[in-house]
*Asks:* 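Below you will find the structure I want to go over with you.
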Amino acid sequence: MEIRKPKNIHAYLNGIIEGENVAHYVKPYKDVMKIYKNIDENLTPETIMYEVYSLFDQEDKYLLWGLTIMHPITVAQECNMTRGHYHADKSQPEIYFGLAGRGLLMHMREDEIFAEEVYEGSIHYIDGTYAHRLINTGSTDFKVGACWPKLAGHDYKAIEDKPFGVRVYKKDGKIVLE
Ligand SMILES: [Fe+2]
């Protein structure tokens with residue numbers, strides 16, 4: 001029997017996903033500016049808000065693995081957040097797990113909205129019928145892992161049409177929901 005090296009390494013606590021077929025992209029402020037209530041003149045358009053690593057989407061892969069690293073940035077006092085999405089196929093769920101930092105995982109479905117606290121070791125089963133968004137409420141990088149079926153896909157447009165109904169701010173060091 002041949003004993004092989006793993007194709008990928010995910011150094012959970014302080015690393016990134018490395019190895020074969022790792023996709024990486026960064027999300028600059030200019031790409032997410034419109035999801036925030038106000039514009040922050042102190043941020044340059046190129047400010048990197050968050051980064052995403054994932055095992056490259058190959059045709060024969062039905063389960064995907066990823067890592068999101070959200071930097072501790074606020075936009076006119078509003079906490080750094082992902083765009084958020086529904087799954088194109090709402091029958092497909094996803095698992096998120098907290099790796100570092102602190103934040104929230106917001107869920108939204110019709111008139112229902114809630115958030116779960118995310119921190120090192122927390123595990124979150126996301127029912128595919130909920131839209132989901134990550135928010136960094138801490139003062140360090142917020143790192144969250146994910147595992148999801150390729151079949152899930154992403155629907156960002158539904159969020160643009162009907163945004164999350166609650167915003168999360170950090171004012172005088174306190175988290176404020178509005
Ligand atoms: Fe998802």
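Every value quoted in this text rests on a predicted model; they were computed, and no experiment measured them. Just so you know, ligand 1 is whichever comes first in the structure, and atom 1 is the first atom listed for that ligand.
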*Asks:* Kindly report the NE2-the Fe ion (ligand 1)-NE2 angle for H87 and H132 respectively, rounded to 10°.
*Replies:* 90°
*Asks:* Nearest to the Fe ion (ligand 1), which N, O or S atom of H85 do we find?
*Replies:* NE2
*Asks:* I'd like the atom name of the N/O/S atom in E94 lying closest to the Fe ion (ligand 1).
*Replies:* OE1
*Asks:* Under 2.8 Å from the Fe ion (ligand 1) - does any N, O or S atom of H154 fall there?
*Replies:* no
*Asks:* For the residue pair Y130 and H132, is the inter-centroid distance of their aromatic rings smaller than 6.0 Å?
*Replies:* no
*Asks:* For a quick test of reading the model, state the closest non-hydrogen atom pair linking S91 to D89 and the distance between them.
*Replies:* OG-OD1, 2.6 Å
*Asks:* Tell me, with the steps shown, if R83 and Y50 meet side chain to side chain contact (heavy atoms under 4.5 Å, CB included).
*Replies:* CA-CA 11 Å; R83 283 186 291 167; Y50 59 91; 4.2 Å; yes
*Asks:* Answer yes when E78 and R167 have at least one side-chain N-carboxylate O distance shorter than 4.0 Å, and no when they do not.
*Replies:*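 Counted as a salt bridge, because a side-chain N and a carboxylate O are separated by less than 4.0 Å.
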